[in-house]
Amino acid sequence: MRLSRSQEIFARAQTLIPGGVNSPVRAFRGVGGTPPFIARGEGSKLYDVDGNEYIDYVGSWGPLILGHRAPPVLDALRETLDIGTSFGAPTEREVDLAALICECVPSIEMVRLVNSGTEATMSALRVARGYTGRDLTVKFEGCYHGHVDSLLVKAGSGMATLGIADTQGVPRSFAETTLALRYNSIDAVEAVFAARGDEIAAVIVEPVAGNMGCVPPRPGFLQALRELTSRHGALLIIDEVMTGFRVALGGAQQLYGIRPDLTTLGKIVGGGLPIAAYGGRADIMTRVAPTGPIYQAGTLSGNPLAVAAGLAMLRYLKAHPEVYRRLEEMGSRISASAPDGITVNRVGSMFTFFFTAQPVTDYESARTSDLARFRAFFHWMLERGVYLAPSQFEAAFISAAHTDEDIEKTIAAARAFFARSVPARG
Ligand SMILES: *Cc1c(COP(=O)(O)O)cnc(C)c1O
């Protein structure tokens with residue numbers, strides 16, 4: 001595999017952009033080497049500037065559940081270009097998208113559109129504080145909720161990849177409003193509520209964690225969060241930025257039968273353009289300005305192009321429930337390919353191979369994965385045209401554009417790696 005053109009561009013990029021990238025994990029620091037610079041995408045494939053072709057399991061880190069250049073999304077974008085790119089005034093399509101979000105995710109009675117998942121969680125947290133009059137947030141180690149100051153405590157994704165436990169630049173007083181507990185530990189949540197229940201504004205959780213690799217909730221974990229928050233007058237915020245429209249049309253809350261007070265959405269809801277959303281109970285959401293005193297705003301929020309893409313994406317998914325069956329079927333074939341000694345976690349089309357024999361149920365157990373072996377696996381797969389996230393602490397995503405041939409090729413490459421590589425001891 002030749003990456004000479006990517007190497008040239010990467011060298012130039014590093015003189016102009018920190019690390020040469022506009023989001024840290026793209027820089028391949030967790031695996032080493034040069035990130036391929038992408039020229040274009042089509043369906044399940046990515047093509048880099050050196051002409052290499054890859055089967056893409058990153059999917060822009062989650063949004064592209066229909067693959068690259070999905071026809072319904074492209075058609076909606078083309079139509080919208082004829083009317084304009086931004087108005088800063090309300091449009092009917094925003095209302096249509098809000099209605100469709102509320103229909104797909106029934107716990108959302110009212111919704112506000114924003115531009116990124118980070119904005120959605122930041123706003124949901126502010127609303128939870130404003131509504132409850134309390135300051136503390138409970139989160140879980142290894143969960144990532146965007147780069148909101150108070151949520152960058154023991155966070156997953158790039159923080160886990162780069163080994164940054166606590167970022168600089170967050171005032172200690174902000175970090176102190178966050179209590180980070182072990183994922184899947186009901187005992188830890190019970191203890192913190194027993195001690196400080198009347199100070200806790202919200203519990204925020206990834207209902208299927210994807211940012212420490214894929215880690216599903218233990219049976220009863222989400223139910224316990226629902227029960228404890230209700231009992232203590234705190235809000236439950238389910239962060240479905242990754243899982244929304246991914247693990248089911250109605251997200252993980254549909255899959256596990258949980259009704260949160262607030263939900264955050266992102267990634268798929270924008271169809272590959274920058275949209276995210278937060279919403280939930282109407283009595284809470286009406287406290288947001290201009291109907292209430294909790295302020296939140298955005299110049300480009302509800303941008304017509306992004307709304308058109310999101311609306312086309314959700315309409316397609318709602319009209320094609322077979323997409324989820326197909327994703328499940330492809331996912332189960334991939335997870336069945338791992339031998340003993342490798343732990344595969346998977347929920348639908350989200351999956352991670354951990355290089356450990358131990359079950360992975362939280363951040364601590366995720367870190368038992370042999371990272372050197374992961375790096376070897378990552379590069380082995382990349383060489384064979386399979387593009388995985390360049391970090392152990394990320395989930396892989398299958399799209400509806402993946403073909404049986406893609407899945408077979410991926411499984412064959414993975415099996416060849418497992419057959420050759422001897423697991424490290426200990
Ligand atoms: C990606 C992600 C975010 C942040 O979204 P951005 O659009 O990157 O700001 C928040 N929460 C979860 C669960 C995510 O996966």
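When a ligand or atom number is given, it counts from 1 through the structure's own listing order.
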| said: Can you work out which protein residues put a heavy atom within less than 4.0 Å of ligand 1? | reply: Ser116, Gly117, Thr118, Tyr144, His145, Gly146, Glu206, Asn211, Asp239, Val241, Met242, Lys267
| message | Looking at Asp48 and Phe37, would you say the former's side chain and the latter's main chain have a donor-acceptor pair under 3.5 Å? | response | no
| remark: Which of Arg226, Glu227, His232 passes side-chain hydrogen bond (donor to acceptor under 3.5 Å, both in side chains) with Ser230? It is Arg226
| task | Measure from NZ or CZ of Arg373 to the centre of the six-membered ring of Phe355 and say whether it is under 6.0 Å with the direction within 45° of the ring axis. | result | no
| Can Glu394 and Trp61 be said to form a side-chain contact (heavy atoms from CB on, under 4.5 Å), step by step? | CA-CA 9 Å; Glu394 300 286 354; Trp61 300 89; 3.4 Å; yes
| query | Quick one: salt bridge (Lys or Arg N to Asp or Glu O under 4.0 Å) pairs with a partner in residues 190-211, sequence neighbours left out? | reply | Arg196-Glu199
| task | Step through it carefully: locate the ring centre of Phe377, locate the ring centre of Phe353, and say whether they are under 6.0 Å apart. | result | yes
